[in-house]
Structures are given as structure tokens and as C-alpha cells.
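The next block holds one structure in the form of C-alpha cells; read it before the comments.
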Amino acid sequence: MRNYWLVKSEPDVHSFAMHSAKPGGISSWDGVRNYQARNFMRDGMKLGDRVLFWHSNAVPPHLAGICEVVREAYPDHTAQDPSSEYYDPKASPENPRWVMVDLKALVAVQRQVTFDDLRGSALLQQMRLLQRGNRLSVMPVTGDEYDEILRIAETPDP
DNA sequence: GCCAACGTTGGC
DNA sequence: GCCAACGTTGGC
């Protein structure tokens, strides 16, 4: 059974187009430094899961594309790299502390979905993304929400 | 640039 | 283990 997720990225830093431009459209999802988000990646993300790629800090923020999990959680080595902006001195080979997954970009959406679009759908009112003060960068989405969002995006499930 | 919300840190 | 201070996120 397939799970569904949403991840946030600032397009200035790492956009869906940048991700798609990597070899095979595959890039690691590193730098997550929040335990709840990490646990979703570590315990929840499985091969073949679909991942909605959300552009945060964009004007306006929007859904940009759809990815697939092509490698399940493994240690995020950037946590052990002092030159990385994601360096965490408490991470070690014995206790990597943080994990990353590999995501493959599948398709850009036909129509970029905004907060207004999400708020306009009765089926999406429970989304964590719409809850006030939500700052999670990795969060689960239900299958029904996924289907509804793709319908609004005018994009078939890849 | 503002600021609400929330996670983390560290003194006690 | 409490909790105030602080830093960060991210929509607006």
C-alpha cells in the first residue's frame, strides 16, 4: 500500500526544476533537522510512495510537482560535515541522528496549486499544511487528499 | 519586514 | 523537569 507525503522546499534554494535536473531526476532530501519530520521520513516513507513537492517562501507558495521515494531512510551525512550548513555536532557515525531519503522527480504539475485552491476544497480542510502555525517540512497526506490535489492540479497520478 | 507559532536550549 | 529566553519558519 502506497503512502502519500508533502515536503516543503524554498524554490530559491532547491526548486522542483533543480531537483528534476539532477541525473535521473533523483536527489537526496537532506538537511531535515526536525524530529517529527525526521520520524516521518525514517518510519513512514517507503519505496514507491508519492511525495508532493511544495514551494514555500514563494509568491504565492504553491505545489510544484510530484516525486517518488526511490530510496528509504539512510543517515544524512551532511550532519557530520563541519563545512555543511546542516552540520550537527551531536551527530556521529555511531549515532547519525538525522536521516535523508532519495526522491525522484516524476512530473511538474499542469497547474500550480496555491493555498487559496486548497482552502477552496471541502476535502482538504483537515490538511496539516493549512493548520495555523504549521512549520513541519515533511508531513503525511491522505490518499483522498492526494487525489483531490492532483485533480485541482489538472495532473494525472504519474 | 512583520510577527505568530512553535521547537530548542539551558539555568535552576 | 520546569520554563523563560531565544531562534527559526514561513505566510502575509
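The chains referred to below are lettered A, B, ... by the order of the sequence lines, with proteins before strands, and numbering in each begins at 1. Worth knowing before you read on, the calculation uses all heavy atoms, side chains too, and leaves out hydrogens, waters and symmetry mates.
Pairs passing the salt bridge (Lys or Arg N to Asp or Glu O under 4.0 Å) check and including a residue from residues 52-62 of chain A, sequence neighbours excluded, do not occur. Contacts classified as salt bridge (Lys or Arg N to Asp or Glu O under 4.0 Å) and involving residues 111-121 of chain A (residues at least two apart or in different chains) are given here: A:Arg111-A:Asp117, A:Asp116-A:Arg119. Note on residues 73-88 of chain A: pairs passing salt bridge (Lys or Arg N to Asp or Glu O under 4.0 Å), not counting sequence neighbours, are A:Arg33-A:Asp76, A:Asp88-A:Arg97. Applying the side chain to side chain donor-acceptor pair (under 3.5 Å) test to pairs two or more places apart or on separate chains, those with a residue in residues 45-60 of chain A are A:Asn3-A:Asp49, A:Trp5-A:Asp49, A:Glu10-A:Asn57, A:His55-A:His62.
A:Pro75 is linked by a side chain to side chain contact (heavy atoms under 4.5 Å, CB included) to A:Pro96, counting only residues two or more places apart in sequence or in another chain.
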Using a 4.0 Å heavy-atom cut-off to protein, can you give one letter per nucleotide of nucleotides 5-12 of chain C, 5' to 3': B if the base is in contact, S if only the sugar-phosphate is, - if neither? --BBBBBS
